[in-house]
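Nothing here was measured: the structure is a model prediction, and the numbers come from that model. In the text below, chain A, chain B and the rest are named by the order of the sequence lines, each starting its count at 1.
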Amino acid sequence: MQGKADGTVPLPTLPATGRGPRTDAHLPRYNPAELEPKWQAIWAEQPDLYAAQHPGCGKPKYYVLEMLPYPSGQLHVGHVRNYAIGDALARHMWMRGYNVLHPMGWDAFGLPAENAALKNNTPPRDWTLANIAAMRRQMERLGLGYDWRREVTTCLPEYYRWNQWFFLKLYEKGLAYRKNSKVNWCPECATVLANEQVVNGCCWRHEETIVEQRELEQWFLRTTRYADELLRDLEKLEGWPEKVRTMQRNWIGRSEGALVDFTVLRPVENVAARRDDGYPVKLNLTETMLPDEDAAPEEAAPRISVFTTRIDTIYGATSLQLAPEHPLVTQFAAEDAELAKKVRDLLQEQKSAREMGELGSLEKNGFETGRFAANPFTGEPIPIWVANYVLMEYGTGAVMSVPAHDERDYEFARKYGLEMKIVVLPRPVNDADGQQKEPLLPYTEEDSLLINSGEYTGMGCGEAQRRMAAYAQEHGFGRASVTYRLKDWGISRQRYWGTPIPMIYCQTDGLVPVPEDQLPVLLPEKIEITQEGGSPLARVPEFARVTCPKCGRIARRETDTMDTFVDSSWYFYRYTDPRNSGAPFNSEVAEYWFPIDQYIGGVEHAILHLIYSRFWTKMMRDLGLVKNGEPAERLFTQGMVIRNGAKMSKSKGNIVSPDEMIARYGADTTRMYALFAAPPDRDLDWQEDGVAGVSRFLARVHRFAIQAIPLASEGRGERLPSDFTGLERRLIRKLHQTIGRLTDEFEGRWHFNTCIAGIMELVNELTGEESAILAGEVRPSVLYSLTRNLVLMLEAFAPYLAAELWALLGEDEALLRAPWPAYDAALAAEDIVQIPVQVNGKLRAVISVPTASEQEHLQTMALKEPKVQAALDGKELVKMILVPGKLVNFVAR
RNA sequence: GCGAAAGUGGCGGAAUUGGCAGACGCACCAGACUUAGGAUCUGGCGGGUAAAACCGUGGGGGUUCCAGUCCCCCCUUUCGCACCA
């Protein structure tokens with residue numbers, strides 16, 4: 001997944017350790033530098049190890065997926081954390097007997113390759129493929145269990161041809177279209193950005209670069225056609241974090257309301273005449289001002305369409321406010337030089353505010369146009385203003401101003417002394433004295449009643465909204481309507497390193513799609529990357545010049561490429577059928593694997609990738625390619641990895657590469673530390689202080705296991721005895737408590753830090769009894785159970801060490817195919833519990849009693865404690881609270 | 001401004017349901033082994049005290065036999081949205 005380009009700072013170099021641990025010189029020590037490459041080589045010889053099985057294998061399927069990385073050239077520890085989470089889950093699900101699909105790929109198109117080409121004079125393709133090779137080596141070194149035979153690389157023609165294929169389908173369905181519009185332009189990227197890629201008015205890849213508005217002809221995908229469904233289906237995504245669902249809900253921004261047309265009045269002198277108080281007199285429009293109904297259409301009076309969520313307040317509308325870019329404002333300004341200057345000034349002010357990043361805090365500003373429009377409900381003329389708080393991009397670019405019942409209108413009206421009409425009051429409308437209430441303005445509550453609203457007076461707001469919209473529709477000046485904040489997805493990019501858009505411009509035939517059998521439109525490889533503006537492909541004549549598929553005459557190819565978010569919108573379907581050359585994927589196979597059971601990635605894609613891919617899935621469903629309209633059943637957003645108080649990024653210069661850590665401590669330690677340092681959903685401030693502890697822990701496991709396993713092996717295959725010794729009982733109990741803990745966590749909470757802590761506790765218990773165990777005080781069958789299950793639990797977090805110990809245990813089947821140990825509650829149960837004893841809620845003693853002790857026994861034992869007696873001394877015992885197995889509390893006065 | 005999440009030892013964090021606050025680890029201190037230690041092992045480690053008492057989960061209030069956990073107000077940090085009509 002693409003984010004900011006990566007950079008790296010080296011770790012401080014450390015002097016070589018020289019000598020290793022010496023305690024048990026006769027024992028082979030834990031040496032990951034030797035052990036891990038050995039197993040890596042063995043695994044490399046077993047291509048089926050992590051391979052997903054055929055749908056007919058009889059096992060339930062489990063699709064676990066981490067967001068694919070952009071091949072920047074080097075993994076950083078943020079990636080490691082992400083993949084360690086997914087790999088732990090995948091390994092666990094393998095052991096639980098699932099047919100696991102755990103693939104990996106590369107989001108390989110994008111601007112950094114072009115920047116690198118400029119800098120190093122390397123072709124983007126070579127640079128990208130070299131990076132992929134390097135990062136794949138890092139992933140393999142980390143021991144991540146991916147099915148590499150399903151690897152997907154988005155910059156290769158066998159992948160991007162299907163982007164083109166999809167584009168043609170979208171075009172056929174009217175879901176891809178071309179229009180001239182204002183678009184976001186990042187001067188740094190020298191290309192257009194989608195709305196989703198603009199963050200605080202700046203480019204998502206260049207936080208400091210203000211996005212400009214440019215007028216360009218662009219390709220768009222009709223995401224808005226799915227706006228309602230994208231919103232509604234969020235309700236079904238119960239396995240997604242509420243935060244992400246909320247962000248998407250806000251992004252889609254559905255508002256229910258009504259469109260109302262206000263007729264613009266002719267500039268008649270007497271309308272401009274004012275009453276003494278500055279407001280226009282109420283006129284009878286039918287007589288004096290309404291446009292001639294018999295006029296030819298082109299002479300008909302213009303109408304201003306307004307979107308409002310509060311049509312019920314329309315009797316309180318005292319002006320119309322238009323965005324400065326509104327076409328009607330432009331028209332008025334054309335006839336009025338003074339007005340034109342005011343509009344220019346307002347726009348200039350907005351532009352500089354945007355550049356300062358202060359658009360949100362800009363003071364409300366505006367001016368009158370001198371023209372009036374008729375309120376269609378009252379017939380009253382109201383002045384038309386231009387206001388900077390009205391956005392051309394939202395709704396119709398015009399609002400009716402109801403100062404008494406809207407925050408912004410109120411603020412604006414206060415500033416300019418505009419009239420306020422109260423038309424809504426809290427119920428009941430009259431206070432105790434029978435006086436009409438005086439609400440605090442602006443009064444915006446909708447659970448209220450209308451006043452001063454003609455025939456609607458006395459109605460509730462909701463009812464008035466419905467009736468007024470219906471009335472407007474009957475009389476042809478409005479209707480109920482829904483507006484979205486979501487815009488269509490602009491996918492044209494004036495860049496080289498992306499999927500060519502398969503369209504042709506012919507002078508005779510106009511827009512002609514490239515015929516399906518001519519796909520892929522190959523991206524030319526020989527191209528000089530320069531800093532010039534415009535699409536680089538336009539400068540490649542052999543690419544741009546083409547014959548029209550319809551008429552055979554010379555035509556011009558589309559030279560823009562697609563947004564790389566197209567690539568990542570459907571890549572997870574390709575994993576199910578990665579080598580298919582006749583279709584993007586086989587629908588039946590996809591049907592087996594989908595939806596993704598668990599998707600894992602950073603929250604930074606909550607809007608971008610996760611909305612696009614939901615759109616794409618719904619679109620594919622409508623094409624009949626897939627059945628389900630949602631790609632992922634569950635989503636997990638892991639926390640960011642922070643370093644020196646900032647998210648890791650090249651611009652902050654705080655990237656940490658895992659390489660040195662792997663070299664010093666090994667992959668198992670590196671992965672395990674990434675999981676141990678914090679729960680996966682929380683942000684993690686990367687400090688290396690704790691790494692040594694994890695490394696020591698693994699060394700201790702290793703030391704214990706290589707000594708215990710020879711003894712344990714004698715008990716292989718034997719059943720556990722029914723007559724445990726005290727020591728055996730204690731160790732087996734701890735083992736099963738740990739199994740229970742891990743089993744629970746893998747069910748969904750995923751606090752792997754506590755899982756690892758749990759395994760550490762078990763190992764502490766075992767090494768605490770090391771001499772007794774090695775002296776044979778634990779019978780082989782018990783020791784076998786302890787060591788074997790310990791190894792199974794380590795598999796998800798430290799697969800190299802687990803593999804080594806598994807082999808020592810004499811197992812030859814893959815560890816991943818071994819069943820996850822069954823938790824036995826009886827074995828995990830304590831027979832003696834420590835019960836805290838409180839007096840008036842304060843801890844006074846802890847007593848050890850058999851788990852199933854009677855109440856009287858507990859009370860007797862508790863009262864025997866000297867400190868309890870002291871605390872109760874001279875007081876009357878009021879009652880005793882007894883929580884079985886938990887505590888005893890004496891309440892005394 | 002609006003919305004969400006978070007705030008616990010020197011540090012990362014634990015306490016899943018209102019029930020022993022600080023699991024596990026880091027750092028630190030002491031000891032053992034050692035020519036040596038950034039290795040290993042043993043012990044200690046919230047504050048306070050000679051030991052207790054007592055105090056302690058951002059601050060203030062509340063509910064309760066019992067509150068890190070529930071309720072109200074406030075503060076701080078992070079994230080998201082920010083004129084959305």
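- Scanning for side-chain contact (heavy atoms from CB on, under 4.5 Å) contacts around A:Glu34 gives A:Asn31, with sequence neighbours left out.
- Among the protein residues, A:Arg893 comes within range of no part of the nucleic acid, since none of its heavy atoms lies under 4.0 Å from any strand.
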>> Output one letter per nucleotide in nucleotides 3-16 of chain B: B when a protein non-hydrogen atom lies under 4.0 Å from the base, S when only the sugar-phosphate is that close, - when neither is.
In response: --------SBSSSB
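- Taking the charged nitrogens against the carboxylate oxygens, A:Arg703 and A:Glu770 do have a contact shorter than 4.0 Å, which makes a salt bridge.
- Contact between the side-chain N/O atoms of A:Asn764 and the OP1/OP2 oxygens of B:G25 is found at a separation under 4.0 Å.
- Here A:Gln687 pairs with A:Asp685, A:Asp689 under the side-chain contact (heavy atoms from CB on, under 4.5 Å) rule; sequence neighbours left out.
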> When Watson-Crick pairs (N1 to N3 and N6-O4 or O6-N4) and G-U wobble pairs (N1-O2 and O6-N3) count only below 3.5 Å on both distances, what is the dot-bracket string of RNA chain B, with | for other-strand pairs?
Replying inline: (((((((..(((......[....))).(((((.......))))).((......))..(((((..]....))))))))))))....
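- Here A:Lys415 pairs with A:Glu363, A:Asn365 under the side chain to side chain donor-acceptor pair (under 3.5 Å) rule; sequence neighbours left out.
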Extract from the structure each pairing of a protein N or O with an N or O of nucleotides 66-70 of chain B at less than 3.5 Å, listing the distance.
none

Under 3.5 Å donor-acceptor pairs involving side-chain atoms of residues 742-750 of chain A, not counting sequence neighbours:
residue  : atom : partner  : partner atom : Å
A:Thr743 : OG1  : A:Ile739 : O            : 2.7
A:Thr743 : OG1  : A:Trp820 : NE1          : 3.0
A:Glu745 : OE1  : A:Arg749 : NE           : 3.3
A:Glu745 : OE1  : A:Trp750 : N            : 3.4
A:Glu745 : OE1  : A:His751 : N            : 2.9
A:Glu745 : OE2  : A:Arg749 : NE           : 3.2
A:Glu745 : OE2  : A:Arg749 : NH2          : 2.8
A:Glu747 : OE2  : A:Arg96  : NH2          : 2.7
A:Arg749 : NH2  : A:His751 : ND1          : 3.4

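- Residue A:Glu411 is out of contact with every strand shown, counting any heavy-atom pair closer than 4.0 Å.
- For residues 875-893 of chain A, there are no salt bridge (charged side-chain N to carboxylate O under 4.0 Å, His left out) pairs, not counting sequence neighbours.
- Remark: A:Ala772 pairs with A:Leu727, A:Glu769, A:Glu777 by the side-chain contact (heavy atoms from CB on, under 4.5 Å) rule, at least two apart or across chains.
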Scan the side chains in residues 676-683 of chain A for donor-acceptor partners under 3.5 Å anywhere in the protein, sequence neighbours excluded, and list what turns up.
residue  : atom : partner  : partner atom : Å
A:Asp683 : OD1  : A:Met640 : N            : 2.8

> With the sugar-phosphate defined as primed atoms, P, OP1 and OP2, and the base as all remaining atoms, what B/S/- string results for nucleotides 47-54 of chain B, 5' to 3', for protein heavy atoms under 4.0 Å?
Replying inline: -------S
Between N or O atoms, less than 3.5 Å apart, protein on one side and nucleotides 29-33 of chain B on the other: list the pairs.
none

